[in-house]
J.: 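Have a look at the structure that comes next, please.
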Amino acid sequence: MDITVAKFNQRCAKAEKEVERLAAKIAALSEGQVEALEGDEGFEDKELAALVAENRKLKYRQQILNRSVKEVRACGSRIPLGPGMINIIDQLTRLFTASVQDTAPQVKNPNVQITLSKVADYQCNAAMSIGKVLKKKPQDIAKDIVANLPSCPLVEKAEISGPGFINIYLSGEYIRQQVTNIILNGVMPPPVEKKNVVIDFSSPNIAKEMHVGHLRSTIIGDSIARLLEFLGHDVLRLNHLGDWGTQFGMLIAHLQDEFPDFATNTPPIGDLQAFYKQSKKRFDEDEPFKKRAYEAVVQLQAHNPVHIKGWEQICAVSRKEFQKVYERLDIKLIDRGESFYQSRMESLVKDLTNRGILEEDEGRKIMHAEGARIPMTVVKSDGGFTYDTSDLACLKQRVEEEKSNWIIYVTDAGQAEHFQSLFACAKRAGIWNPAKVRIDHVPFGVVLGEDRKKFKTRSGETVRLVDLLDEGVHRAQEKEVKEKSLSKDETKKAQEAVAYGCIKYADLSHDRARDYVFSFDRMLDDKGNTAVYLLYALTRIRSIARTAGISTESIEAEARKGPMPLDHEKEWKLAKTLLKLPEVLTKITQDLFLHPLCEYLYEVSTVFSEFYDKCYCVEKDKEGNIVKINYNRLLLCEATAIVMAQCFSILGIKTVHKM
Ligand code: ARG
């Protein structure tokens, strides 16, 4: 496109020169001679006439080309913008940036911010700051920005208001078409540059309890994974299990005593936690046992088949327990524990040693790096590896073998320093190039009980996750889901959806960086920004058409007829709110905070209520007979339900058709 324009510009310039040359010739002529030259077509002189005409044509073509270049630059594509939803703020920013660049090319990196407007739909205040820089009236700059604005199907008009603000009005045609698209195609995400993402979340430790911290990691990590999958990235969900370490020595030694035939018969360990506690007690109190435990570690790391078998059995019991939680919460994860990196740790340590990167420190081998507040312990004084070693080897594996260019770690904020050191050391060791691979540590705060102290049971024990989920279901049974028309199975499903949905939503709707108070009463409240309220709202919206006996098919058929009218102010507001979803998705993808998505979901339901209060969808007479169906409004209901369901799906929350 640019090449074509450049060619045209050249030809225009050439033609202009010719015209100039001939004009000079004309200027040298007497008046009578000029008159003689001009005929009906303007110029008698054929050469001159042809040039003038060509020049005019070229200039016209040039204008058109410049315009379409601007459009393409601004919109990414020509009209229409395609079925995928677009990020309206982004698109407007691009449009106005193009115009600002044309208006004030001398201003480098102008700050073009688009914000929501109370009067119009959006607003651009760029003229104010540019006016200051250029010492010109912002109003005049604003006029030029509006005049230079490339045409785009998104914008109906842009108007100057006050001292130089620009009010932007979205095109009704465009909004209507987008809402129709949602109904016919579902929510299609805005296009992204596809990445190979590894997300490391949940990651409990074998034979130790999976606590509420792991629950948070599981919920937040799963939601981020769902978000990125929805956007079209390639996502590898990894459970970085703590399955390799000195604790296995005592566990295997204890296993040998308790279940001597463990190699042939799967040990019936019911409560691995109790088993862990018993072996720890022996380890602390019984000297010969302690010695055997140490020997067992050496044997395990030397891959003695008997010890490996014992280790496998213990891991299997643990995993089965974890799996129960994942199944209930509908979480998909691939187990890849620390043990996976054993051979990689060995070669990494060799490499780091050869390159002289490791330092001796009281028998340990440590690694410093710029930006690491604490050094990493790569080899312990007994020669063993640590959490640090496995994370270094693991990061290398993810970059080199998984070819990942986006790695995300979801853990409690207490590990922030560990990750800071890990990333700094990985950079120093040449494992990680920040220009090529995005890495995020996604930290979260601790879970507190309603007394604002560490989350514990009444008797002071740490809360087992399975018990917590049971209690959630129990509370949901007591409180919600009394719909009579539901079958037993449906009721159970609805109760579980509510219970787990509430637990997830309570977590995700809070700023994850802060500590959060776990309260069943609050999360099961049917008012306010809670899952119960929102799930109810969604089932109600979904039932509007159904109660009136109108099928989804006929709604879709209606949508296929073409964009629906949106005349009422509340219809318009609801439609615009629905189209804000991509903006929210872009934002949460940047910083990986999910609570704005929950806020958005709540906003949609609130705006929907306003709409539903003022706009009848199905009108009935006194006897309750339907007298009028406002299909455009039913279409809005349908689009609202689709958008809400999409948000729930990203949050990992199951919706129910009846509750
Ligand atoms: N197992 C660790 C814990 O329970 C979390 C592991 C996180 N992932 C990692 N690559 N370090 O705290």
Side-chain angles (χ1 to χ4, degrees), residues 192 195-205 210-231 233-242 326 329 331-334 336 338 371-373 387-388 390-392 394-395 398-399 402 404-427 432 434 437-448 503-516 518 584-600 647 650-653:
V192 286
K195 293 213 177 223
N196 253 338
V197 188
V198 162
I199 171 157
D200 173 325
F201 69 105
S202 192
S203 308
N205 303 313
M210 186 175 180
H211 51 72
V212 277
H214 294 124
L215 179 66
R216 290 207 78 183
S217 174
T218 308
I219 291 172
I220 296 169
D222 176 60
S223 182
I224 294 176
R226 285 170 187 267
L227 167 70
L228 301 182
E229 283 155 357
F230 171 66
L231 293 177
H233 296 290
D234 247 321
V235 180
L236 182 60
R237 302 154 154 262
L238 290 182
N239 201 7
H240 190 82
L241 293 164
Y326 297 143
L329 294 177
I331 308 285
K332 306 230 163 18
L333 263 164
I334 292 171
R336 187 181 286 171
E338 292 173 24
R373 284 211 284 146
Y387 188 52
D388 295 354
S390 68
D391 258 337
L392 269 174
C394 162
L395 182 45
R398 287 171 184 177
V399 173
E402 301 303 338
S404 174
N405 51 5
W406 190 359
I407 305 170
I408 301 170
Y409 297 85
V410 188
T411 79
D412 59 276
Q415 298 195 37
E417 214 160 41
H418 164 75
F419 284 104
Q420 193 188 39
S421 296
L422 170 66
F423 304 153
C425 288
K427 211 163 107 184
W432 174 44
V437 181
R438 169 175 173 180
I439 301 189
D440 291 282
H441 176 224
V442 175
F444 51 80
V446 284
V447 185
L448 303 173
I503 294 177
K504 289 184 180 184
Y505 195 82
D507 200 323
L508 297 170
S509 59
H510 286 90
D511 176 336
R512 63 165 160 76
R514 295 162 179 257
D515 296 348
Y516 110 91
F518 193 98
V584 181
L585 296 181
T586 308
K587 182 184 179 332
I588 64 176
T589 311
Q590 277 156 4
D591 59 19
L592 305 178
F593 276 90
L594 293 155
H595 64 279
L597 183 61
C598 299
E599 277 157 19
Y600 171 73
C647 294
I650 292 173
L651 297 169
I653 296 172

J.: What distance separates L231 CG from I650 CD1, expressed to the nearest 0.5 Å?
T.: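 Rounded to the nearest 0.5 Å, the CG-CD1 separation comes to 7.0 Å.
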J.: Under the rule for ring pair (Phe, Tyr, Trp, His ring centres under 6.0 Å), what residues qualify as partners of F230, not counting sequence neighbours?
T.: none
J.: Can you tell me which residue pairs pass the salt bridge (charged side-chain N to carboxylate O under 4.0 Å, His left out) test with a partner in residues 409-427, sequence neighbours excluded?
T.: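 Every pair satisfying salt bridge (charged side-chain N to carboxylate O under 4.0 Å, His left out) with a residue in residues 409-427: R373-E417.
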J.: Give a yes or no on whether the backbone of G445 and the side-chain of D515 come within a donor-acceptor separation of less than 3.5 Å.
T.: no
J.: Partners of D507 by side chain to side chain donor-acceptor pair (under 3.5 Å), sequence neighbours excluded?
T.: R216
J.: Applying side chain to side chain donor-acceptor pair (under 3.5 Å), name anything that partners E229, two or more places apart in sequence or on another chain.
T.: R237
J.: Under the criterion side-chain contact (heavy atoms from CB on, under 4.5 Å), I'd like the reasoning laid out for Y505 against I653: C-alpha separation, chi angles, the key distance, then a yes or no.
T.: CA-CA 8 Å; Y505 195 82; I653 296 172; 3.8 Å; yes
J.: If you take all heavy atoms of H240 and C394, which pair is closest and at what distance?
T.: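 So the minimum-distance heavy-atom pair works out to CE1-SG, 3.8 Å.
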J.: Does W432 reach the main-chain N or O of F423 with its side chain, forming a donor-acceptor pair under 3.5 Å?
T.: no
J.: Any non-hydrogen side-chain atom of S203 less than 4.5 Å from a side-chain atom of L238?
T.: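 No, side chains not in contact.
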J.: Work out which heavy atom in G242 is nearest to a heavy atom in E338; give both atom names and the distance.
T.: CA-OE2, 3.6 Å
J.: Who are the side chain to side chain donor-acceptor pair (under 3.5 Å) partners of D511, not counting sequence neighbours?
T.: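 Side chain to side chain donor-acceptor pair (under 3.5 Å) list for D511, sorted by chain: empty.
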J.: Quick one: does any side-chain atom of S421 pair with a main-chain N or O of A372 as donor and acceptor, under 3.5 Å?
T.: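 Checking the backbone N and O of A372 against the side chain of S421, no donor-acceptor pair under 3.5 Å is found.
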J.: Is there side-chain contact between L594 and R512, with heavy atoms separated by less than 4.5 Å?
T.: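 They are not in side-chain contact.
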J.: Does one side chain, of D391 or Y409, offer a donor that lies under 3.5 Å from an acceptor on the other?
T.: no
J.: Do the non-hydrogen side-chain atoms of I407 and V399 ever get within less than 4.5 Å of each other?
T.: yes
J.: Run the side-chain contact (heavy atoms from CB on, under 4.5 Å) test on I220 and F201 for me, step by step, so that the C-alpha distance in whole Å, both residues' side-chain angles and the decisive distance to 0.1 Å come before the verdict.
T.: CA-CA 8 Å; I220 296 169; F201 69 105; over 6 Å; no
J.: Would you call the rings of F593 and H595 parallel, tilted or perpendicular, taking 30° and 60° as the class edges?
T.: perpendicular
J.: Between the main-chain N or O of N196 and the side-chain N or O of S404, is there a donor-acceptor pair closer than 3.5 Å?
T.: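 Yes; at least one donor-acceptor contact below 3.5 Å.
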J.: Apply side chain to side chain donor-acceptor pair (under 3.5 Å) to Y600 and list each qualifying residue two or more places apart in sequence or on a separate chain.
T.: none
J.: Going by the side chain to side chain contact (heavy atoms under 4.5 Å, CB included) test, name the single residue among L597, T589, L651 that passes it with L227.
T.: T589
J.: Supply the atom-to-atom distance L228 CG to I588 CD1, rounded to the nearest 0.5 angstrom.
T.: 9.0 Å
J.: In Å and rounded to the nearest 0.5 Å, what is the CD1 to CD1 distance from I331 to I219?
T.: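 Rounded to the nearest 0.5 Å, the CD1-CD1 separation comes to 7.0 Å.
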J.: Mind checking the CD-CG spacing from E402 to L395? Nearest 0.5 Å is all I need.
T.: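 Separation between the atoms: 12.0 Å.
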J.: With a 4.5 Å cut-off on side-chain heavy atoms, are V447 and H211 touching?
T.: no
J.: Drop me the distance from I503's CD1 to L215's CG, to the nearest 0.5 angstrom.
T.: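 Here the rounded value is 7.0 Å.
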J.: Return the NE2 to CG distance between H441 and D200, rounded to the nearest 0.5 Å.
T.: 9.5 Å
J.: Side chain of K504, backbone of G652: donor and acceptor closer than 3.5 Å?
T.: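 It does hold such a pair.
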J.: Counting neighbours of CZ on R514 that are heavy atoms of other residues, nucleotides or ligands and sit closer than 6.0 Å, is the number greater than 12?
T.: no
J.: Would a 4.5 Å heavy-atom cut-off, applied to side chains only, mark L241 and P204 as touching?
T.: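 Side-chain contact under 4.5 Å: yes.
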J.: Would you call S202 and M210 a side-chain contact if the rule is heavy atoms closer than 4.5 Å?
T.: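 Side chain of S202 against side chain of M210, heavy atoms only: contact under 4.5 Å found.
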